[in-house]
Amino acid sequence: MPEKPYDHIQIELKWHERWQDADFYKAEENSARPKFYVLEMLPYPSGMLHIGHIRNYSIGDALARYKWMQGFNVLHPMGWDAFGLPAENAAIKNNRPPREWTLENIAAMKKTHRRFAFSYDWDREVSTCEPEYYRWNQWFFLKMLERGLAYRKRALVNWCTKCATVLANEQVVDGCCWRHEDTPVEQRALEQWFLKITHYADELLDDMTGLEGGWPERVLTMQRNWIGRSEGAEVDFHLDGTGEPIRVFTTRVDTIYGATCVILAPEHPLTDGLLDGDLKAKAKAMVDSRAGRDPGDIDKEGLFTGHYAINPYSGEKVPIWIANFVLMGYGTGAIMAVPAHDERDFEFCRKYGIAVRPVVRPVDGELAVEPGMTAPYCEYGIVENSGQWSGLASADARRQMSAFADQQDFGKTAITYRLKDWGISRQRYWGTPIPVIHCPDCGVVPVPEAQLPVILPDRIEITGTGRSPLENVPEFVNVACPVCGKAARRETDTMDTFMDSSWYFYRYCDAHNSTMPFDPAKIAYWFEIDQYIGGVEHAILHLIYSRFFTKMMRDIGLIKNSEPARRLFTQGMVIANGAKMSKSKGNVVGADQLADKFGADTARMFVMSNVPPEKEVDWSDKGAEGTYRFLGRVYRFTTRNIPAEPRSGTSDRKVLRKLHQTLRKITEDFETRWHFNTCIASIMELVNQLYAEEQEISAEAMRQVLQTLALMLAPFAPYVVQDMWEELGNEGPVFRQRWPAFDPELAKEDEAEVVIQVNGKLRGRMTAAFGTAKEELEARALTDEKVKPFIEGKQVVKIITVPDKLVNVVVK
RNA sequence: GCGAGGAUGGCGAAAUUGGCAGACGCAGUAGCCUUAGGAGCUACCGGCCGAAAGGUCGUGGGGGUUCAAGUCCCCCUCCUCGCACCA
């Protein structure tokens with residue numbers, strides 16, 4: 001029995017030490033046992049392990065332990081990957097390499113991880129910041145290059161002037177840099193490497209139907225929006241005079257007879273030739289004024305170019321405008337405006353007095369008369385005033401008219417995506433070097449596979465100028481061209497670290513393979529991941545990239561599966577002071593703070609104990625003591641009842657019933673909904689009852705209770721339980737034990753408690769044997785002493801009886 | 001604007017299929033134990049009326065369905081998240 005309040009931290013630490021040589025957790029690939037691969041999207045070594053991470057852990061870890069005790073062959077690698085962005089930025093600020101990557105810091109990180117995760121499998125350690133991992137990142141890059149899935153082009157990139165660096169799309173928040181919320185992101189043109197994720201756009205979209213049920217609907221919706229497929233047509237209008245084509249994208253060719261102008265994005269390449277100096281400056285101003293603003297707040301503005309375009313269907317001449325609401329990055333950067341049937345076009349054309357001409361009528365209505373319109377007219381119906389297509393339904397007209405454009409060679413059916421190819425070039429020190437060499441004669445030359453990995457030089461100076469710091473390291477940059485042998489330059493950009501995280505969970509299955517990224521046979525056994533767990537913040541980026549990688553690896557013949565994870569669980573975020581807990585926000589609460597005070601068991605159990613895992617929590621450590629107290633109560637109860645004293649046993653039945661009811665609840669929860677907060681609550685109820693009945697529990701029942709209690713608590717509080725397990729006289733890890741089966745007979749109540757209501761209000765209760773006849777229950781209810789006063793003098797209208805549960809007497 | 005989720009005691013919350021609202025924990029109150037208590041144990045703990053027994057009201061607001069509604073339907077308010085001129 002602990003003497004001091006926080007004594008059992010010592011127990012946990014003892015176990016913490018023993019864990020160092022734990023060897024019992026070894027997955028057995030290709031064994032006959034059913035496999036279960038559970039993985040958390042995990043804390044990366046760039047920041048300290050905080051409460052949000054522990055929450056992620058505790059859920060996955062409890063599940064892994066449960067599955068293991070259920071007899072599954074479990075892989076739960078407890079990964080840590082190399083999202084390094086916060087660290088990089090800290091490093092840039094401090095003008096030194098990120099301290100998080102030093103060996104000591106990595107070692108410290110491992111220690112913390114070990115403290116919380118029993119299953120950190122050292123044989124499977126995958127560190128994405130090590131040369132061996134670079135090798136395979138680079139190997140994949142070269143494979144993609146061979147297949148045309150990686151390419152280089154000049155492109156506009158997001159640029160923060162204050163950070164002096166390129167920003168990934170995900171680091172742009174409302175048009176501004178995520179670290180400088182008042183600094184609009186600029187667009188700069190740079191030579192960049194891209195991965196052709198759009199090659200898989202349709203498959204990424206279509207395969208989501210197979211994920212339904214296993215993945216949260218919310219995540220699937222976000223991915224669908226992100227991919228943003230839309231079917232339509234591209235059609236050429238022709239510049240009046242020169243006949244130069246202006247290609248527009250539309251999903252509604254069928255309304256083209258209602259097009260009353262053509263609008264170009266202000267950045268559209270054609271604007272150069274169309275505009276004179278004055279207008280050009282205005283167009284430029286339009287581009288600039290859009291930067292950094294919430295699109296919803298921007299009023300539509302446009303200017304007339306003074307030029308006209310010819311509608312290829314009607315031959316009509318319509319004005320060409322430039323407007324701020326037309327986006328260069330989507331479709332062709334040019335649209336036809338059909339104000340009568342599109343809200344945005346309507347708003348714009350009204351503002352500038354451009355004609356509104358309806359060409360679609362409702363199936364059973366008339367074509368709208370123009371002057372009275374205050375909002376765009378009906379969207380779908382019958383096409384009118386549209387030449388030979390008049391009278392067709394919208395959908396038919398659309399099909400036939402885009403086919404016509406194809407025949408006449410002035411357009412085609414087209415599918416547009418919001419999804420863009422993935423720009424992976426980063427002008428940063430930390431990241432996998434992109435394995436290519438620039439030769440003045442041979443051009444871009446891939447680094448030969450035998451020369452991989454290209455590794456980062458040790459000593460660099462963080463410049464903070466926005467050019468890769470690697471450019472200043474001559475021994476890195478200057479190489480001989482692998483083809484012709486002449487002096488050449490090595491590529492100095494590094495890869496986006498999302499590259500690392502896109503396939504780390506494959507490497508876990510075969511972490512030390514030095515001839516391949518992994519052995520396909522091992523992947524075939526472990527994949528798909530049975531349960532992936534992580535925060536919803538990864539819904540778009542990581543979870544699309546890793547799906548893309550999976551399909552790419554399948555196509556190069558490495559794996560058979562097309563999706564990485566069968567089921568995805570998104571746990572709620574941990575909020576602190578109104579913001580998501582994250583290092584960049586500076587509001588992290590360290591996991592160690594809690595663990596140092598109460599121990600790792602309390603810390604992990606507490607984060608699960610108040611709220612179901614999918615729900616967001618506003619962090620507070622109020623109440624952690626309750627969890628701590630509870631574990632102390634369990635521990636004391638267990639130890640003081642070894643050996644069990646001879647006692648009456650009059651409470652045996654009651655206690656065993658509660659025990660099995662609790663066990664049933666936990667088992668069901670693990671299998672279905674993971675509401676561990678209520679699981680923990682029910683174990684607390686059990687323990688409260690054990691305290692109340694302690695003196696009346698026989699030695700045999702006590703023994704059984706203590707063993708089972710330990711087993712069912714094991715997934716939640718592994719260290720204390722292991723200790724109790726040994727004090728109970730058992731040997732070896734508690735996880736070698738089978739999860740106890742609940743006994744439905746023992747869990748059953750002797751008698752049903754039947755509630756008596758009068759007009760739906762609770763007025764009394766009675767106990768009755770299960771299956772007691774309706775008539776008997778009703779008779780007893782009507783004569784019940786407590787119920788009588790509410791019935792007397794009134795007329796009983798009817799009686800509703802739910803067997804074993806309730807009698808409701810309706811009176812008037 | 002569109003989409004999703006949410007609103008229950010002083011607080012975090014539970015109520016899984018329409019059937020006892022508030023499990024469990026925190027905070028609080030009282031008592032026991034103790035040289036001591038920042039430990040432990042026991043009891044109480046939604047509002048109002050009442051000494052108590054008990055009654056009555058009560059799940060964001062309004063209406064409805066039902067013998068019975070936190071739960072189902074309609075309307076409204078507020079909060080959180082995601083998307084947002086995507087043609």
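In what follows, chains carry the letters A, B, and so on, assigned in the order in which the sequence lines appear, proteins first and then strands, with residues in each chain numbered from 1.
With sequence neighbours left out, Arg398(A) forms a salt bridge (Lys or Arg N to Asp or Glu O under 4.0 Å) with no residue at all.
The nearest whole Å value for the distance from the CD1 atom in Ile322(A) to the C1' atom in rC85(B) is 17 Å. The nearest whole Å value for the distance from the CE atom in Met222(A) to the P atom in rG3(B) is 17 Å. Between the CZ atom of Arg633(A) and the P atom of rU42(B) there is a distance of 6 Å, given to the nearest Å. One atom, CG of Asn759(A), and another, P of rA68(B), lie 8 Å apart when rounded to the nearest Å. Rounded to a whole Å, the CD1 atom of Ile800(A) is 9 Å from the C1' atom of rU66(B). We find that NZ of Lys761(A) is positioned 11 Å from P of rA21(B), with the value rounded to whole Å. Protein atom CH2 of Trp674(A) is 17 Å distant from nucleotide atom C1' of rU16(B), rounded to whole Å. With rounding to whole Å, Tyr691(A) atom OH is found 8 Å from rU42(B) atom P.
Heavy-atom distances to RNA chain B give each of Asn324(A) and Val809(A) a nearest nucleotide, and the one nearer the 5′ end belongs to Val809(A). The residue among Gly329(A) and Gly760(A) whose nearest nucleotide of RNA chain B lies closer to the 5′ end is Gly760(A).
The partner of rU66(B) cannot be assigned: no Watson-Crick or G-U wobble pair with both contacts below 3.5 Å exists in any strand. When Watson-Crick and G-U wobble pairs are counted only if both distances are under 3.5 Å, rC24(B) pairs with rG12(B). When both distances must be under 3.5 Å, the Watson-Crick or G-U wobble mate of rA53(B) does not exist. Using the Watson-Crick or G-U wobble rule with both distances under 3.5 Å, rG18(B) pairs with nothing in any strand shown. Across the strands present, rC2(B) finds its partner in rG82(B); the criterion is a Watson-Crick or G-U wobble pair with both atom distances under 3.5 angstrom. With a cut-off of 3.5 Å on both pairing distances, the Watson-Crick or G-U wobble partner of rA7(B) is rU77(B). In a base pair of the Watson-Crick type (N1 to N3 plus N6-O4 or O6-N4) or a G-U wobble (N1-O2 and O6-N3), with each distance short of 3.5 Å, rU29(B) is matched with rA43(B). As the counterpart of rU34(B), no nucleotide is assigned, since no Watson-Crick or G-U wobble pattern has both distances under 3.5 Å.
With no hydrogens or angles considered, no side-chain donor-acceptor pair links Asn311(A) and Tyr257(A) at under 3.5 Å. Remark: the Glu668(A) side chain and the His675(A) side chain contain no N/O donor-acceptor pair separated by less than 3.5 Å. For Thr198(A) and Asp421(A), the side-chain atoms include at least one donor-acceptor pair closer than 3.5 Å.
Of the candidates rA27(B), rA87(B), rC20(B), rA87(B) carries the atom nearest the Thr250(A) side chain, counting heavy atoms from C-beta on. Here rC24(B) is the nucleotide among rC24(B), rG40(B), rA87(B) with the atom lying nearest to any side-chain atom of Met684(A). Of the candidates rG19(B), rA27(B), rC81(B), the closest approach to any side-chain atom of Arg218(A) belongs to rC81(B). When distances run from any side-chain atom of Arg763(A) to the nucleotides rC24(B), rG55(B), rC20(B), the shortest one goes to rG55(B). When the nucleotides rC41(B), rA13(B), rC20(B) are ranked by their closest atom to the side chain of Arg636(A), rC41(B) comes out on top. Taking the side chain of Phe325(A) as heavy atoms from C-beta on, and the options rC85(B), rC20(B), rA13(B), the nearest nucleotide is rC85(B). Comparing atom distances between the Lys622(A) side chain and each of rC20(B), rA87(B), rC26(B) picks out rC26(B) as nearest. For Ser230(A), taking side-chain heavy atoms from C-beta onward, the closest of the listed nucleotides rC83(B), rA87(B), rU56(B) is rA87(B). Listed nucleotides: rG55(B), rA13(B), rA87(B). Nearest to the side chain of Thr251(A): rA87(B). Of the candidates rG12(B), rA4(B), rA14(B), the closest approach to any side-chain atom of Pro612(A) belongs to rA14(B).
One distance of note links CZ of Arg224(A) with CD of Glu217(A); it measures 6.0 Å at 0.5 Å rounding.
Taking atom C1' on both rA30(B) and rG19(B), the two are 36 Å apart, rounded to the nearest angstrom. With C1' as the reference atom, rA21(B) and rU8(B) are 8 Å apart, rounded to whole Å. The separation of rA23(B) from rA13(B), taken at their P atoms, amounts to 15 Å, rounded to a whole angstrom. The same atom, P, is picked in rA15(B) and in rG25(B); the two are 16 Å apart, to the nearest Å. Taking the P atoms as reference points, rG12(B) lies 37 Å from rC67(B), given to the whole Å. Between rU59(B) and rA7(B), the two C1' atoms lie 9 Å apart (nearest whole Å). Spacing of C1' atoms, rU29(B) relative to rG82(B), comes out at 46 Å, to the nearest Å. Using C1' as the reference atom, rG9(B) and rA27(B) are 12 Å apart when rounded to the nearest Å.
If you run side chain to side chain donor-acceptor pair (under 3.5 Å) between Lys665(A) and each of Asp669(A), Thr667(A), Thr662(A), only Asp669(A) comes through.
Using a 4.0 Å heavy-atom distance criterion, Val536(A) is classed as making no nucleic acid contact. Among the protein residues, Lys300(A) comes within range of the nucleic acid bases, having at least one heavy atom under 4.0 Å from a base atom. Across all strands shown, Lys665(A) has heavy atoms under 4.0 Å from base atoms, whether or not it also approaches the sugar-phosphate. Residue contacts shown for Gln757(A) include a base, since a base heavy atom lies under 4.0 Å away. Note on Arg673(A): a base of the nucleic acid sits closer than 4.0 angstrom, heavy atoms only. Asp345(A) comes within 4.0 angstrom of nothing in the nucleic acid, heavy atoms only. Counting any heavy atom pair closer than 4.0 Å across all strands shown, Phe630(A) reaches no nucleic acid atom. Using a 4.0 Å heavy-atom distance criterion, Arg224(A) is classed as making no nucleic acid contact. If you check every strand for non-hydrogen atoms under 4.0 Å, Phe790(A) touches sugar and phosphate atoms only. Using a 4.0 Å heavy-atom cutoff across all strands shown, Glu616(A) reaches sugar-phosphate atoms only and no base atom.
Using bins of under 30°, 30° to 60° and over 60° for the plane-to-plane angle, the ring pair Trp422(A)/Tyr545(A) lands in the parallel bin. Using a 30° and 60° split on the angle between ring planes, Phe676(A) and Phe670(A) fall in the tilted class, from 30° to 60°. Under the 30°/60° scheme for interplanar angles, the aromatic rings of Tyr313(A) and Phe410(A) are found to stand perpendicular.
A cation-pi contact, defined as under 6.0 Å to the ring centre and within 45° of the axis, links Lys300(A) to Phe325(A).
Donor-acceptor pairing under 3.5 Å, judged by distance alone, is absent between the side chain of Lys798(A) and the base of rC67(B).
Taking syn as a glycosidic angle within 90° of 0, rG62(B) does not qualify and is anti.
The side chain of Asn677(A) contributes an N or O atom lying less than 4.0 Å from OP1 or OP2 of rA14(B). Contact check, Asn688(A) against rG25(B): a side-chain N or O comes under 4.0 Å of OP1 or OP2.
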